[in-house]
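By convention here, the first residue in the shown sequence is residue 1.
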Amino acid sequence: MTAAFPYQLTAAGATAIAIGDDHVRQLLEQLLFTDPGERVNRPDFGCGLLSLVFVPNSDQLASGLTVVITAAVQQWLGSLIELAGVEVEALDSELSIAISYRVRNSDQQSTASFQVQVVA
């Protein structure tokens with residue numbers, strides 16, 4: 001059993017549990033939005049997307065992030081999921097990220113989508 005992210009309580013006051021695809025999506029969210037160096041025992045963990053808030057949005061930024069995200073997902077979540085693809089698109093003042101994957105233990109295919117606001 002794994003606690004839900006972000007931490008939540010059920011109506012009964014117990015810790016909410018994340019299972020299946022919800023758990024994997026939450027792991028992806030933690031990986032994307034954690035800055036490298038933020039975790040004491042795992043200083044390399046994370047992609048640091050929140051630090052891009054003041055970076056001008058461009059196709060070059062999107063291309064670079066595709067490589068960074070692909071490498072991080074393979075390194076940190078490669079034992080849980082098989083990555084099918086990462087698409088990062090620069091849209092006005094937003095980066096749109098879509099990660100397609102297959103959960104290894106259930107063979108379930110899914111896509112997780114995230115948006116990050118940046119400078120236009």
Side-chain angles (χ1 to χ4, degrees):
M1 286 192 205
T2 305
F5 174 81
Y7 186 80
Q8 306 166 39
L9 296 176
T10 64
T15 297
I17 302 300
I19 57 172
D21 194 46
D22 286 340
H23 175 63
V24 173
R25 188 194 183 292
Q26 291 172 8
L27 289 173
L28 285 166
E29 184 176 356
Q30 289 177 50
L31 180 63
L32 292 176
F33 295 105
T34 299
D35 282 327
E38 189 174 327
R39 292 199 174 177
V40 174
N41 293 325
R42 291 188 175 172
D44 297 335
F45 183 84
C47 292
L49 291 183
L50 291 180
S51 63
L52 299 175
V53 171
F54 298 109
V55 175
N57 202 5
S58 67
D59 291 335
Q60 292 81 8
L61 175 64
S63 296
L65 278 176
T66 301
V67 173
V68 169
I69 292 169
T70 299
V73 170
Q74 289 174 337
Q75 177 182 0
W76 295 105
L77 302 177
S79 62
L80 298 173
I81 65 174
E82 180 182 324
L83 194 60
V86 174
E87 293 182 25
V88 181
E89 191 174 3
L91 306 167
D92 297 326
S93 64
E94 183 176 270
L95 284 170
S96 176
I97 303 161
I99 302 172
S100 302
Y101 59 92
R102 180 185 64 84
V103 179
R104 290 187 190 276
N105 67 356
S106 69
D107 220 23
Q108 182 178 357
Q109 306 246 351
S110 190
T111 300
S113 297
F114 305 92
Q115 282 71 40
V116 179
Q117 297 295 319
V118 294
V119 176

Which heavy atom of [X] sits nearest a heavy atom of [Y], and at what distance?
X      : Y     : result
Val118 : Glu94 : CG2-N, 4.2 Å
Gln115 : Ser96 : NE2-OG, 3.7 Å
Pro36  : Cys47 : CD-C, 4.2 Å

- Message: Between Asp35 (side chain only) and Leu50 (backbone N and O only), is there a donor and an acceptor less than 3.5 Å apart?
- Response: no
- Please check if the side chain of Arg39 supplies one atom and the backbone of Asp44 the other of a donor-acceptor pair under 3.5 Å.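 No.
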- Message: Testing Leu28, Leu27, Leu32 one by one against Val73 for a side chain to side chain contact (heavy atoms under 4.5 Å, CB included), which residue passes?
- Response: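 Answer after filtering Leu28, Leu27, Leu32: Leu28.
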- Sequence neighbours excluded, which residues qualify as salt bridge (Lys or Arg N to Asp or Glu O under 4.0 Å) partners of Arg42? none
State the [atom1]-[atom2] distance between [X] and [Y], to the nearest 0.5 angstrom.
X      : Y      : atom1 : atom2 : answer
Asp92  : Asn57  : CG    : CG    : 8.5 Å
Glu87  : Ser100 : CD    : OG    : 6.5 Å
Glu89  : Ile97  : CD    : CD1   : 11.5 Å
Arg102 : Ile81  : CZ    : CD1   : 10.5 Å
Leu31  : Leu49  : CG    : CG    : 8.5 Å
Glu29  : Thr34  : CD    : OG1   : 9.5 Å

- Query: Is there a path from Val55 to Leu95 through hydrophobic residues (I, L, V, M, F, W, Y) whose side chains come within less than 4.5 Å of each other?
  - Reply: yes
- Give a yes or no on this: more than 12 heavy atoms of other residues, nucleotides or ligands lie within 6.0 Å of atom CD of Gln117.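 Result for CD/Gln117: enclosed.
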- All pairs passing ring-ring contact (aromatic ring centres under 6.0 Å, His included) where residues 84-105 contributes a residue, at least two apart: none
- Query: What pairs of residues pass the ring-ring contact (aromatic ring centres under 6.0 Å, His included) test when at least one of them lies in residues 67-97, not counting sequence neighbours?
  - Reply: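 Pairs touching residues 67-97 that pass the test: Phe45-Trp76.
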- Item | Partner residues of Gln109 under the side chain to side chain donor-acceptor pair (under 3.5 Å) criterion, sequence neighbours left out |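 Partners of Gln109 under the side chain to side chain donor-acceptor pair (under 3.5 Å) test: none.
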- With sequence neighbours excluded, residues passing side chain to side chain donor-acceptor pair (under 3.5 Å) with Gln75: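 Partners of Gln75 by the side chain to side chain donor-acceptor pair (under 3.5 Å) criterion come out as none, since no residue qualifies.
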Can you give me every donor-acceptor pair (side chain of residues 60-70, partner residue at least two apart or in another chain, under 3.5 Å) with its distance?
residue: Gln60; atom: OE1; partner: Ser58; partner atom: OG; Å: 3.4
residue: Ser63; atom: OG; partner: Asp59; partner atom: O; Å: 3.1
residue: Thr66; atom: OG1; partner: Ala62; partner atom: O; Å: 2.9
residue: Thr70; atom: OG1; partner: Thr66; partner atom: O; Å: 2.7

